[in-house]
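Here is the structure we will look at, set down as structure tokens.
Sequence lines set the chain letters: A, B, ... in the order given, protein chains first and strands last, and positions in each chain run from 1. For the numbers below, each heavy atom of this structure counts, side chains included, while hydrogens, waters and symmetry mates do not.
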Number of protein chains: 2
Amino acid sequence: MRESQRRPTIADVARKAGVSKTTVSRFLSDQAEYISEETYRKIEQAIQALHYEPSQMARGLKAKQSRLIGILVADIANPFTTAILRGAEDVCHRHHYSLLVCNSDNDPIKEQNYIRTLRSHHIDGLILHTTGANQSVLLALQKEKTPVVLLDREVAGMHVDLVGMDNAQATYDALNYLVCQGYNSIAYVTAPTADISTRMERVQAFQSFMADRKLQHTSIVFQIEGKASALPDFLTTFMEREDAHAKAIFTGNAVILLQVALAMQQLGYRVPDDVALISFDDPDWAQIVGITTVSQSAYEMGVLAAERLVARLGGDAGDPQRLYVTSTLQERDSTPKVAKG
Amino acid sequence: MRESQRRPTIADVARKAGVSKTTVSRFLSDQAEYISEETYRKIEQAIQALHYEPSQMARGLKAKQSRLIGILVADIANPFTTAILRGAEDVCHRHHYSLLVCNSDNDPIKEQNYIRTLRSHHIDGLILHTTGANQSVLLALQKEKTPVVLLDREVAGMHVDLVGMDNAQATYDALNYLVCQGYNSIAYVTAPTADISTRMERVQAFQSFMADRKLQHTSIVFQIEGKASALPDFLTTFMEREDAHAKAIFTGNAVILLQVALAMQQLGYRVPDDVALISFDDPDWAQIVGITTVSQSAYEMGVLAAERLVARLGGDAGDPQRLYVTSTLQERDSTPKVAKG
DNA sequence: TTGTATGCGTTATCAT
DNA sequence: ATGATAACGCATACAA
């Protein structure tokens, strides 16, 4: 009885085909020109019979490349992330790279561990949706010329390709729209900004817009901390505040949007009767519920990031590029025009 | 100027520390007992200074294991999949495995290619959410004793661990609930069943339930084909049909639910005024919209599958196990009790 | 057109 | 307590 435990190696194929390992290797590298018909056929058969598949590990050890691309994301449960993943996966698959997916959970420590792990797996490149706090570990990667593409968020001091969005502009556009619709009392609800560049940019844009329009005193920024947050309290306070103007809530991403929508529902406030609602990200259900959103094409971001990386892996040594996808305002029922009082 | 391109190897560390590779290797394998304090310190410093990280490729080549676990899913955009991914990722990370994530897009060809790729990367184990049509390729994996855990769906003829749900029971429960609420004219809308065991089980359960209750003639199964489907036509026909009973639509997963909800909205039908709505899966937004669902804990499925795999990798050679998560009916506004007429 | 020998980074065996 | 050496599966420089 044949012992079929061990994976067949190139040596097994060579033996079965009655040729040398070198010849089999040539076959595998598509250097068929130097192989006789007869030999070619024999090798082909041996491979078939043994179900042989070259070991990427052994290959990589020689070639110093793994055909593995790491993608380290901050929150795998976020639909924004999922869409990115899908875009990146499509491109990588097309170029015969596989994706090593890691989830930092927005935790810098976990992120750091993962960067180490990815490095140990000898990834050819990294797509990084960062927590923002790990410049130092990334240095090692850069020294070894492992290309890194930043997704959405900046890492201070890292000059590499980045695929993102003009957050200030998108924030202005959304706020401008809200004001035009008649909302002057606006709350911006964001996840903790911490070291995350995009969140900070949006908050800053919010504040500077409000200052410009002399609306500082009717507008407010609220940062959600941890799981059991003070969100309901904040919302109640905001809603009960006496205001001369119509109220609107602007959420920083789809996860926050969900939390806010749920909390409002539980508190008994109606959208858009009691308050308007607008959000960054455009989860598929926003369409059903009818929520106005600032949509950034996450799928396209994933595609662009992966393509940038593949270009680097193909030898592109140009200056770091900054690619911005455009954001689109998806106008829906949650932000109706307010009748002037 | 130091040439810092090349990744430092164990040899570099040995040289810098003034010891042999073997000693460094001992240090790395936690065999510190056999190392003098002095040497230990020197090695530690050298590693720090060089930012050395052992190569998983080289290790794997010797040890015949990669610490890579493949997870091949059918639709990465489905929130059900995302939750599974998250569960699996948590467990794998805890056990120092990394996840190679592949998306077959419900395409058997793509699935087959991916199985090959994963094999070439020498994955230690595979979590498979299958299209159902690739028994033969999986054989090669099994021969090499690479453990496979099936997720949600069966592969004909493969006797391996499976983490799933009792689909017949869940379908019965949901239908029983609908009938109790007063709905006797029920449409089940499913994605193409093809070779996908769970979808077939659900359809069969639906049909057998309807036969039991003598409701064959007021109930119907509709299968969505491709993108540009005949869904709106079907819905219109179903809605316009003269029926003695209240109507309900039962969707086979969250993706279909979204399509149906959108189509109904566009056609101008109201839920639950014109028709009740219930669905398999429990996407987070079902809560907001108020849709009754049959929730299967996808996160837990991911966890269980990964744990099963880790157990196998740890040497568990017992008989294949079948693990079933329980489903829960999440009762919401989309299925109100019908006043008897 | 084909084969031999060497090395990739690591661990394991056997010495010392 | 430490080191020399072979081997893992493959690709490549060099021979034939």
Side-chain angles (χ1 to χ4, degrees), chain A residues 5-44 46-47 50-68 117 119-124 140 144 146, chain B residues 5-44 46-47 50-68 119-124 144 146:
Chain A
Q5 308 228 166
R6 205 171 49 83
R7 269 183 66 128
T9 74
I10 198 171
D12 297 323
V13 176
R15 197 173 317 117
K16 180 138 198 158
V19 299
S20 76
K21 294 193 292 174
T22 310
T23 308
V24 178
S25 179
R26 284 205 185 89
F27 177 99
L28 295 172
S29 331
D30 282 326
Q31 295 172 292
E33 332 137 41
Y34 302 108
I35 303 181
S36 73
E37 286 244 2
E38 166 80 1
T39 307
Y40 190 93
R41 231 182 10 75
K42 282 193 294 185
I43 295 178
E44 203 167 25
I47 289 180
L50 297 171
H51 292 284
Y52 169 75
E53 191 82 35
S55 157
Q56 196 52 243
M57 277 172 126
R59 278 192 161 167
L61 194 58
K62 278 247 42 147
K64 290 165 182 300
Q65 53 142 309
S66 59
R67 299 217 72 83
L68 251 29
T117 303
R119 198 160 87 95
S120 84
H121 279 290
H122 219 295
I123 51 167
D124 293 341
E144 294 150 16
T146 303
Chain B
Q5 308 230 164
R6 203 171 51 83
R7 268 183 65 129
T9 75
I10 199 171
D12 298 323
V13 176
R15 198 173 317 119
K16 180 137 197 158
V19 298
S20 76
K21 293 194 293 174
T22 308
T23 308
V24 178
S25 180
R26 284 204 186 90
F27 176 98
L28 294 172
S29 331
D30 282 326
Q31 295 172 289
E33 333 137 41
Y34 301 108
I35 302 181
S36 73
E37 285 245 0
E38 166 80 1
T39 306
Y40 191 93
R41 229 182 11 75
K42 280 193 297 186
I43 295 179
E44 203 168 25
I47 289 180
L50 296 171
H51 292 284
Y52 169 76
E53 190 83 35
S55 158
Q56 195 53 243
M57 276 173 130
R59 280 193 159 166
L61 193 58
K62 279 256 18 157
K64 289 164 183 302
Q65 54 141 309
S66 58
R67 300 218 70 85
L68 251 30
R119 198 159 87 94
S120 84
H121 278 290
H122 220 295
I123 50 167
D124 293 341
E144 296 150 13
T146 303

Open item on the list: Could you tell me if the side chain of A/Leu28 sits less than 4.5 Å from the side chain of A/Arg59, heavy atoms only?
Closed with: yes
For nucleotides 11-13 of chain D, tabulate all protein N/O to nucleotide N/O atom pairs closer than 3.5 Å, reporting atom names and distance.
{"residue": "D/dA11", "atom": "OP1", "partner": "A/Arg59", "partner atom": "NE", "Å": "2.4"}
{"residue": "D/dA11", "atom": "OP1", "partner": "A/Arg59", "partner atom": "NH2", "Å": "3.2"}
{"residue": "D/dA11", "atom": "OP2", "partner": "A/Ser25", "partner atom": "OG", "Å": "3.1"}
{"residue": "D/dT12", "atom": "O4", "partner": "A/Thr22", "partner atom": "OG1", "Å": "3.3"}

Open item on the list: Output the rounded distance in Å from CD (A/Gln65) to C1' (D/dC10).
Closed with: 13 Å
Open item on the list: Tell me whether the side-chain N/O atoms of A/Ser55 come closer than 4.0 Å to OP1 or OP2 in D/dG9.
Closed with: no
Open item on the list: Whether B/Thr23 contacts D/dT2 is assessed here as follows: a side-chain N or O lying under 4.0 Å from the phosphate OP1 or OP2. Is that the case?
Closed with: no
Task: Where A/Val19 and A/Thr39 come nearest, the two heavy atoms and their spacing - done: CG1-CG2, 3.7 Å
TODO: Check the distance between D/dA4's P and B/Arg15's CZ and give it to me in whole angstrom.
DONE: 13 Å
Open item on the list: In this structure, how many angstroms lie between the C1' atom of C/dC8 and the CG atom of A/Leu61, rounded?
Closed with: 4 Å
Open item on the list: Donor-acceptor check, side chain of B/Ser25 to backbone of B/Lys21, threshold 3.5 angstrom: yes or no?
Closed with: no
TODO: In whole angstrom, give the distance that lies between atom NE2 of B/His122 and atom P of D/dC10.
DONE: 9 Å
Task: Pair A/Thr23-A/Ser20, side-chain donor/acceptor within less than 3.5 Å - done: yes
TODO: Among the candidates D/dC8, C/dC8, C/dT2, find the nucleotide nearest to the side-chain atoms of A/Lys64.
DONE: C/dC8
Task: Spacing of A/Glu144 atom CD relative to C/dC8 atom C1', expressed in whole Å - done: 16 Å
Task: Protein-nucleotide distance (A/Met57, atom CE; C/dT11, atom P), rounded to Å - done: 12 Å
Task: Test item: B/Arg7 and A/Lys64 side chains (from C-beta on) under 4.5 Å apart, heavy atoms - done: no
Task: B/Gly60 backbone acceptor or donor facing B/Arg67 side chain under 3.5 Å - done: no
Task: Separation between CZ of A/Arg15 and OG1 of A/Thr9, rounded to the nearest 0.5 Å - done: 6.5 Å
TODO: Starting at atom OH of B/Tyr34, determine the distance to atom P of C/dC14, rounded to an integer number of angstrom.
DONE: 16 Å
- [ ] Starting from P on D/dA7, measure out to CZ on A/Arg6 and report it in whole angstrom.
- [x] 15 Å
